[in-house]
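To keep things clear, I will list the structure first and then write my remarks on it.
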Amino acid sequence: MHLLLSTAFVLCWSSGFIGAKLGADSASAVTVLMWRFLPPAVVLAAVAAFSRTAWRGLSARDVARQAVIGALSQSGYLLTVYHAIQLGVSSGTTALIDGVQPLVAGALAGPLLHQYVSRGQWLGLGLGAGGVALVTLADAAAGTGAAWWAYLVPFLGMASLVAATFLESRSRVRVAPAVALTVHCATSAVVFTALAAAAGAAAPPAGISFWVSVAWLVVLPTFGGYGLYWLILRRCGVTEVNTLMFLMAPVTAVWGALMFGEPFGPQTVLGLAVCLAAVVVVHRGGAPSAAPDAGGSTRRTAGDRGAGVPCRRPGPGS
């Protein structure tokens, strides 16, 4: 089940870069993002109105915290990704910069969350960074005509997503993924509608290509990508879920080659192999062994949701 969830997450998340490129040719970033989030926000709000079980026990403060997480993980992150692509940064290079996120999250997991990150996991993180660099180096070196400062824009989005990840990980209240996704989409719908209205770009273009890209973005990266991101984060912890981000650049490169004819050669194949090896190393690099406490029972040296602890799998009846 974990392998299936991880595979689905990688494909759905990578589809967002492809969808951004599809939408970039038909409308501005804020227009695409406004219509990407309005329909799912309405649908999810309607579902929440008739199914309130998951919302029970949540305070206004809990919902507000999720709104902040949504503003960081969706609004801030996506606006920078879309804007960078519209400025001329290729989808592969954008995915490369996004691929730096696991290293940042892994480096901060210890001091911020007091979580154990093993040497094996650090090795996997290093391998992943190398694999991502191999996949996108040729594309970045070739240049796309974008201004030098345009390559800094995706770094802002990466930082925004890392901040959202740690804010969620430090939360003491467990929020159901459906509730989190509803709040996040509603927050993004409000943010992007306000931005589009202020820019006079709220009206959608008449072309069918725009609605194809919107449908793509709603179904795959929004419901699939973000829903699976938070689900796997709760099951596996920060380091393991972010290690899967190393696969985004190679998968995006393959996808871009098939759909848009972007360069794809032996270097991409090598990078993909290195990234796959990185995921294996991190997942096996693992949890520290359990140590006996004063009473003779065993305990873990990190919390269940920690970076060095394997994924929690539900037992019978859970």
Not counting sequence neighbours, which residues clear ring pair (Phe, Tyr, Trp, His ring centres under 6.0 Å) with F9? List them please.
W13, Y229
Between W55 and V183, which heavy-atom pair has the shortest distance, and what is it?
CH2-CG2, 3.7 Å
Side chains of V191 and L33: does their closest heavy-atom pair fall under 4.5 Å?
no
Minimum heavy-atom separation for G157 to T80, with atom names?
CA-OG1, 3.0 Å
Would you say H83's side chain and V153's backbone share a donor-acceptor pair under 3.5 angstrom?
no
State, yes or no, whether a side-chain contact exists between F260 and L22 at a heavy-atom distance under 4.5 Å.
yes
Closest non-hydrogen atom pair, L5 against R235
CD1-NE, 4.1 Å
Given the rule that I, L, V, M, F, W and Y join up when any side-chain heavy atoms are under 4.5 Å apart, are V68 and L181 in one cluster?
yes
If every non-hydrogen atom of T222 is compared with every non-hydrogen atom of C185, which pair is closest and at what distance?
CG2-SG, 3.8 Å
Is the shortest heavy-atom distance from the side chain of T187 to the side chain of F192 under 4.5 Å?
no
Can you name the residues that form a side-chain contact (heavy atoms from CB on, under 4.5 Å) with A178, not counting sequence neighbours?
none
Determine, using the 4.5 Å side-chain heavy-atom cutoff (strictly less than), whether L11 and L231 are members of one ILVMFWY cluster.
yes
Starting from the C-alpha separation in whole Å, work towards a yes-or-no answer on side chain to side chain contact (heavy atoms under 4.5 Å, CB included) for V63 and S59.
CA-CA 7 Å; V63 175; S59 66; over 6 Å; no
Testing the basics here: between V218 and R36, what is the closest heavy-atom pair and its distance to 0.1 Å?
CG2-O, 3.1 Å
Treating Ile, Leu, Val, Met, Phe, Trp and Tyr as nodes and any side-chain heavy-atom pair under 4.5 angstrom as an edge, say whether F166 and V175 lie in one connected cluster.
no
What residues form a side-chain contact (heavy atoms from CB on, under 4.5 Å) with S15, not counting sequence neighbours?
W216, L220, P221, W255
In chain order, what residues pass the side-chain contact (heavy atoms from CB on, under 4.5 Å) check against A27, with sequence neighbours excluded?
T31, V32, P205, F210
Partner residues of W211 under the ring pair (Phe, Tyr, Trp, His ring centres under 6.0 Å) criterion, sequence neighbours left out:
W35
Student check: side-chain heavy atoms of F37 and L78 closer than 4.5 Å:
yes
Determine, stepwise, if the pair E168 / R65 fulfils side chain to side chain contact (heavy atoms under 4.5 Å, CB included).
CA-CA 9 Å; E168 165 66 20; R65 185 185 185 92; over 6 Å; no
For Y82 and V30: C-alpha separation, side-chain torsions, deciding distance, then whether side chain to side chain contact (heavy atoms under 4.5 Å, CB included) applies.
CA-CA 9 Å; Y82 280 56; V30 290; over 6 Å; no
For L244 and M248, which heavy atoms make the closest approach, and how far apart are they?
O-CE, 3.7 Å
Find out if a path of hydrophobic residues (ILVMFWY) with successive side-chain heavy-atom gaps under 4.5 Å connects L156 to Y151.
no
List in chain and number order the residues that pass side-chain contact (heavy atoms from CB on, under 4.5 Å) with S209, two or more places apart in sequence or in another chain; answer none if no residue qualifies.
S26
Joint cluster assignment, L38 & V47, ILVMFWY side-chain distance < 4.5 Å
no
